[in-house]
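We use all heavy atoms of the structure for the numbers below, so side chains are in, but hydrogens, waters and symmetry mates are not. Throughout, residue positions are numbered sequentially from 1 according to the sequence presented. Worth saying up front: this structure is predicted, and the values here are computed from it rather than measured.
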Amino acid sequence: MDKPAATTAQLSFEAMASKKTTDRLFFALFPEQEAAARISTLAQSLRGEHRLHGQALREDRLHVTLHHLGDYAGVPQDVVAQAGVAAARLAVAAFEASFDHVSSFSGRPGNCPLVLRGDQGLVPLLAMQRELGESMKIAGIGRWVKSDFIPHVTLLYDARSVAMQPVEPIAWTAREFVLVHSELGQTRHHVLGRWPLRA
């Protein structure tokens, strides 16, 4: 029996996959300015305390990734449009996100992310991320929804791993979320859309 012909979407995806990926899309929360400054100061303090050599992320790049929407060669406007539909459907109230400990994730050898995390202070963030995932499924981009979400803010990458330790809580009120286009390897982020959370 002959195999069914590949759809145009499949061919487009396969062609894109064969090219070098240069662009990433993701939904994110950015901390308010005061919280971002505190996170940046914490990262520098931890570098000294643990004798880390990795450079702390710039203050304007600190964020919580809600959903990764893929890596591409170029920016796929169909995915951007579907992401916009998903974001517009979300009806979630503004909430406080509070982070109170740090630890290293296991990463590539010699490149472990040191991250800021939380527990009970992130329950509303977890709920919002799940709601956004449901909206993504309805909008046709459910393939990017992951069930193993661990909310965190990456501080830096280093060869050394840091065990979990408590820190003075850092919190901010999440009033909006954004769709980000990241130029891979260029340390440049472009906000493609912003959606406010209900007051």
If every non-hydrogen atom of [X] is compared with every non-hydrogen atom of [Y], which pair is closest and at what distance?
X      : Y      : value
Pro113 : Ser106 : CD-C, 4.5 Å
Phe177 : Leu66  : CB-CD1, 4.0 Å
Ala35  : Pro31  : CB-CB, 4.1 Å
Cys112 : Ser104 : CB-CB, 4.5 Å
Leu156 : Ala43  : CD2-O, 4.2 Å

So that I know where these two stand, are His181 and Phe26 an aromatic pair - ring centroids less than 6.0 Å apart?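 No, ring centres 6.0 Å or more apart.
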If you define the side chain from C-beta out and look only at heavy atoms, does anything of [X] sit under 4.5 Å from [Y]?
X      : Y      : answer
Gln120 : Val123 : yes
Thr154 : Leu114 : no
Leu126 : Pro151 : yes
Val178 : Phe30  : yes
Leu69  : Met136 : yes
Phe99  : Ile39  : no

Which residues pass the salt bridge (charged side-chain N to carboxylate O under 4.0 Å, His left out) test with [X], not counting sequence neighbours?
X      : value
Arg160 : none
Glu59  : none
Asp78  : none

Candidate pair Arg89 and Leu132, rule side chain to side chain contact (heavy atoms under 4.5 Å, CB included), full reasoning: CA-CA 8 Å; Arg89 290 182 56 88; Leu132 180 56; over 6 Å; no
Do Val80 and Leu179 pass the side chain to side chain contact (heavy atoms under 4.5 Å, CB included) test, and can you show the C-alpha distance, the side-chain angles, and the key distance before you say yes or no? CA-CA 8 Å; Val80 172; Leu179 176 64; 4.1 Å; yes
For the atom pair [atom1] ([X]) and [atom2] ([Y]), what is the distance rounded to the nearest 0.5 Å?
X      : Y      : atom1 : atom2 : result
Ser182 : Arg61  : OG    : CZ    : 5.5 Å
Gln129 : Ile150 : CD    : CD1   : 11.0 Å
His67  : Ser135 : NE2   : OG    : 9.0 Å
Leu155 : Gln55  : CG    : CD    : 13.5 Å
Leu125 : His152 : CG    : NE2   : 11.5 Å
Tyr157 : Asn111 : OH    : CG    : 7.0 Å

I need the full list of salt bridge (Lys or Arg N to Asp or Glu O under 4.0 Å) pairs touching residues 166-177, with sequence neighbours left out, sorted by first then second residue.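 Qualifying pairs: Glu32-Arg175, Glu176-Arg194.
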Inter- and intrachain pairs under salt bridge (Lys or Arg N to Asp or Glu O under 4.0 Å), touching residues 44-55, at least two apart: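 Qualifying pairs: none.
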Just wondering, more than 12 heavy atoms not from Gln33 lying within 6.0 Å of its CD?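 No, not enclosed.
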Please check: side-chain N/O of Ser40 versus main-chain N/O of Ala36, any donor-acceptor pairing under 3.5 Å?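 Not confirmed, Ser40 side chain does not pair with Ala36 backbone.
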N/O donor-acceptor pair under 3.5 Å between Asp158 side chain and Leu52 backbone: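 No, Asp158 side chain to Leu52 backbone: no donor-acceptor pair under 3.5 Å.
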Val79 and Tyr72: CA distance, side-chain angles, deciding distance, side chain to side chain contact (heavy atoms under 4.5 Å, CB included) verdict: CA-CA 11 Å; Val79 178; Tyr72 306 91; 3.8 Å; yes
Indicate, with yes or no, if [Y] and [X] share a hydrophobic cluster defined by side-chain heavy-atom contacts under 4.5 Å among Ile, Leu, Val, Met, Phe, Trp and Tyr.
X      : Y      : answer
Leu122 : Trp172 : yes
Ile170 : Val162 : yes
Trp144 : Val75  : yes
Leu25  : Val191 : no
Trp195 : Leu197 : yes

Salt bridge or not between Asp148 and Lys146? Use side-chain N to carboxylate O under 4.0 Å.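 No, this pair does not count.
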Please check if any side-chain donor atom of Glu183 sits under 3.5 Å from a side-chain acceptor atom of His189, or the reverse.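 The answer is no; no qualifying pair exists.
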Can His101 and Ser103 be counted as having a side-chain donor-acceptor contact under 3.5 angstrom?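 His101 vs Ser103: no donor-acceptor pair found between side chains.
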Contacts of Val167 that satisfy side-chain contact (heavy atoms from CB on, under 4.5 Å) - sequence neighbours left out: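 With neighbours one apart ignored, the set is Leu42, Val102, Leu116.
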